[in-house]
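So the structure is just underneath, and the comments pick up after that.
Numbers for residues simply follow the sequence, beginning at 1.
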Amino acid sequence: MTMLLAPLALSFMQVASAAPAAPLPDLTLEQSGALRCSVAFGLVHKAQRAGEDGAAGYPVMAERGQEFFVRTTARLMDELGADRRTIMGLVMREHTALAETPEQLDEVMPACLMLLDAAGL
């Protein structure tokens, strides 16, 4: 998670620790893609802050990536009728999937950058 997303993630994690995890809902292709991109932007921002060479080739993700994350998670809460615990579970699942395979991040970023531009961010 990025430093900018940390307060939001902390809030989600506090709620998540208060009750047992329920099964995660199925997402539409559009929802899944937006969530994956939200997490990808956070990972790129984290790499940019750490000065990793591979991340320098991407646009700065600090503000734009955070705004995309906030909009996406809010939309998912509305569309799914989900609570913060469920959304955090979805975020953590995507984070684990992308963080385990760094080359997958490079594969998704071109489409994610188009999605970011299409969102007007």
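Closest approach of Ile87 to Ala82, counting heavy atoms only: CD1-CB, 3.9 Å. The two residues Ala119 and Arg71 make their nearest non-hydrogen contact at O-NH1, 3.5 Å.
At least one donor-acceptor pair under 3.5 Å links the side chain of Gln48 to the backbone N or O of Met61. A donor-acceptor pair is defined here as one N or O able to donate and one able to accept, closer than 3.5 Å; no such pair exists between the side chain of Glu94 and the backbone of Ala40.
A distance of 11.5 Å separates CD in Gln66 from OG in Ser38, rounded to the nearest 0.5 Å. Here Leu24 contributes atom CG and Met88 contributes atom CE; the two are 11.5 Å apart, rounded to the nearest 0.5 Å. Residue Lys46 holds its NZ atom at 8.0 Å from CD of Glu52, rounded to the nearest 0.5 Å. Atom-to-atom distance recorded for Leu121:CG and Leu113:CG is 12.0 Å, nearest 0.5 angstrom. Here the CG-CZ distance, from Leu35 to Phe69, works out to 7.5 Å after rounding to the nearest 0.5 Å.
Linking Ile, Leu, Val, Met, Phe, Trp and Tyr whenever their side-chain heavy atoms come within less than 4.5 Å puts Phe68 and Met77 in one cluster.
Each salt bridge (charged side-chain N to carboxylate O under 4.0 Å, His left out) pair with one or both residues in residues 97-107, not counting sequence neighbours, would appear here, but there are none.
Scanning for side-chain contact (heavy atoms from CB on, under 4.5 Å) contacts around Ala74 gives an empty result, with sequence neighbours left out. Residues satisfying the ring-ring contact (aromatic ring centres under 6.0 Å, His included) criterion with Tyr58, sequence neighbours excluded, are absent altogether.
Side-chain contact between Met114 and Asp117: absent, with no pair of heavy atoms (C-beta onward) separated by less than 4.5 Å. The shortest side-chain heavy-atom distance between Pro25 and Leu90 falls under the 4.5 Å cut-off. Proximity of Cys37 to Leu116: side-chain heavy atoms (C-beta onward) are nowhere separated by under 4.5 Å. Asp26 has its side chain out of reach of Gln31: every pair of non-hydrogen atoms, C-beta onward, lies at least 4.5 Å apart. Looking only at side-chain heavy atoms (C-beta outward), Leu76 and Leu27 come within less than 4.5 Å of each other. The shortest side-chain heavy-atom distance between Thr86 and Leu80 does not fall under the 4.5 Å cut-off. The side-chain heavy atoms of Glu30 and Arg75, taken from C-beta on, include a pair separated by under 4.5 Å.
More than 12 heavy atoms of other shown residues, nucleotides or ligands fall within 6.0 angstrom of atom CD in Gln104.
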